[in-house]
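What's counted below: heavy atoms across the whole structure, side chains too, no hydrogens, waters or symmetry copies.
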Amino acid sequence: MAGLTTSEWWGLLPEGIRGEVDGYVLQDRRLQAARVVWETCRGRGLGLHEAEGVVHERYLHHGDRIARTPLSPLDPESLAARASGCPGSVVAIEAIWDGDTVHDWFVILLAVSTGPAGRYELATIHRETAVRHLGDVRAEEARHPEATAAEAAGRALAEHLAVPFHFASPDAPDDGAPRRRT
């Protein structure tokens with residue numbers, strides 16, 4: 001059955017599975033939707049990439065009816081408010097790369113805290129978040145808008161909190177870059 005189009009794969013899914021997939025899509029839960037499609041059809045030769053294509057087509061079909069996941073705020077007041085909710089004292093702000101098959105590369109902005117020692121997520125910066133924060137022109141000029149937005153927001157927050165800022169790999173996505181020691 002290899003070589004089928006996304007609409008042909010969609011047609012092979014039972015009505016109940018199609019309803020489940022559309023439910024996940026309408027909730028903006030792309031990974032769960034792709035998992036259902038892939039698990040249902042992998043025995044017939046559907047690969048994960050093709051399952052993602054089927055789900056992408058459902059996103060196009062539903063368009064504006066999808067309840068999109070809200071973008072993380074990057075304004076200093078919101079980030080400072082989130083950092084103030086961390087247990088213990090915030091001793092640093094850190095930016096790290098992460099990625100997945102849906103969003104490609106993105107940057108996570110973290111507060112490094114003591115008592116208990118840990119890292120607490122303040123914002124996830126996908127390309128869309130970076131464009132909103134930087135503006136279209138600045139985002140287009142940036143090599144990696146996600147990193148540019150994370151660095152600007154992270155440095156501003158660190159300065160506001162009077163703590164150091166750490167971003168080991170602002171110029172290239174690297175989820176294995178050295179982390180700040182706590």
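In terms of heavy atoms, Val112 sits closest to Arg119 at CG2-CG, 4.1 Å. Here the closest heavy-atom approach between residue Val25 and residue Ile66 is recorded as O-CG2, 3.3 Å. Taking every heavy atom of both residues into account, Glu52 and Ala34 meet most closely at CG-CB, 4.2 Å. The two atoms that bring Ala95 and Phe167 nearest to each other are O-CD2, 3.2 Å, heavy atoms only. The minimum heavy-atom distance linking Glu151 with Pro170 is given by the pair OE1-CB, 3.8 Å. Ile93 approaches Ala111 most closely through the heavy-atom pair CD1-CA, 4.1 Å.
Remark: the backbone N or O of Asp22 is not paired with any side-chain donor or acceptor of Arg58 at under 3.5 angstrom. Ser89 places no side-chain N or O within 3.5 Å of a backbone atom of Thr114 that could act as its donor or acceptor partner.
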Stepwise side-chain contact (heavy atoms from CB on, under 4.5 Å) test for Leu46 and Val37: CA-CA 9 Å; Leu46 178 75; Val37 172; 3.6 Å; yes
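Under a hydrophobic-cluster definition in which Ile, Leu, Val, Met, Phe, Trp and Tyr are linked whenever side-chain heavy atoms come within less than 4.5 Å, directly or via other members, Leu79 and Val90 are assigned to the same cluster. Val131 and Trp97 are members of different hydrophobic clusters when ILVMFWY side chains are connected at heavy-atom separations under 4.5 Å. Note: the hydrophobic cluster containing Phe165 also contains Leu161 (ILVMFWY, side chain heavy atoms under 4.5 Å, direct or indirect links). Residues Leu71 and Val107 are members of separate hydrophobic clusters, defined by side-chain heavy-atom contacts under 4.5 angstrom among Ile, Leu, Val, Met, Phe, Trp and Tyr. Cluster annotation: Leu13 and Tyr59 are assigned to the same hydrophobic cluster (Ile/Leu/Val/Met/Phe/Trp/Tyr, side-chain heavy-atom contacts under 4.5 Å, transitive).
With sequence neighbours excluded, the residues forming a side-chain hydrogen bond (donor to acceptor under 3.5 Å, both in side chains) with Gln27 are Arg29, listed by chain and number. In this structure, Tyr120 has no side-chain hydrogen bond (donor to acceptor under 3.5 Å, both in side chains) partners at least two apart in sequence or on a different chain. The salt bridge (Lys or Arg N to Asp or Glu O under 4.0 Å) check on Asp98 picks up nothing, with sequence neighbours excluded. Arg35 meets the salt bridge (Lys or Arg N to Asp or Glu O under 4.0 Å) test with Glu39; sequence neighbours excluded.
Here the straight-line distance linking atom CZ of Arg127 with atom NE2 of His144 works out to 8.5 Å at 0.5 Å rounding. Here the straight-line distance linking atom CD of Glu128 with atom OG of Ser72 works out to 11.0 Å at 0.5 Å rounding. Distance NE2/His62 to CG/Leu60: 10.5 Å, rounded to 0.5 Å. Taken from CG in Leu157 to CZ in Arg82, the straight-line distance is 11.5 Å, to the nearest 0.5 Å. Atom CG of Asp75 sits about 8.5 Å away from atom NE2 of His133, to the nearest 0.5 Å.
Hydrophobic clustering, defined by side-chain heavy atoms of Ile, Leu, Val, Met, Phe, Trp and Tyr closer than 4.5 Å, groups Ile108 together with Ile96, Phe106, Leu110.
More than 12 heavy-atom neighbours from other residues, nucleotides or ligands sit within 6.0 angstrom of CD on Glu20. By the neighbour-count criterion of 12 heavy atoms within 6.0 Å, atom CD of Glu159 is sparsely surrounded, having that number or fewer from other residues, nucleotides or ligands.
A heavy-atom distance below 4.5 Å is not found between the side chains of Val163 and Val91. Counting heavy atoms from C-beta outward, Trp9 and Glu57 have side chains that stay 4.5 Å or more apart. Looking only at side-chain heavy atoms (C-beta outward), Leu12 and Leu4 come within less than 4.5 Å of each other.
For an aromatic pair to be called close, the ring centres must be under 6.0 Å apart, and His61 with Trp10 fails this.
Residue pairs meeting the salt bridge (charged side-chain N to carboxylate O under 4.0 Å, His left out) criterion with at least one member in residues 132-144, sequence neighbours excluded, do not occur.
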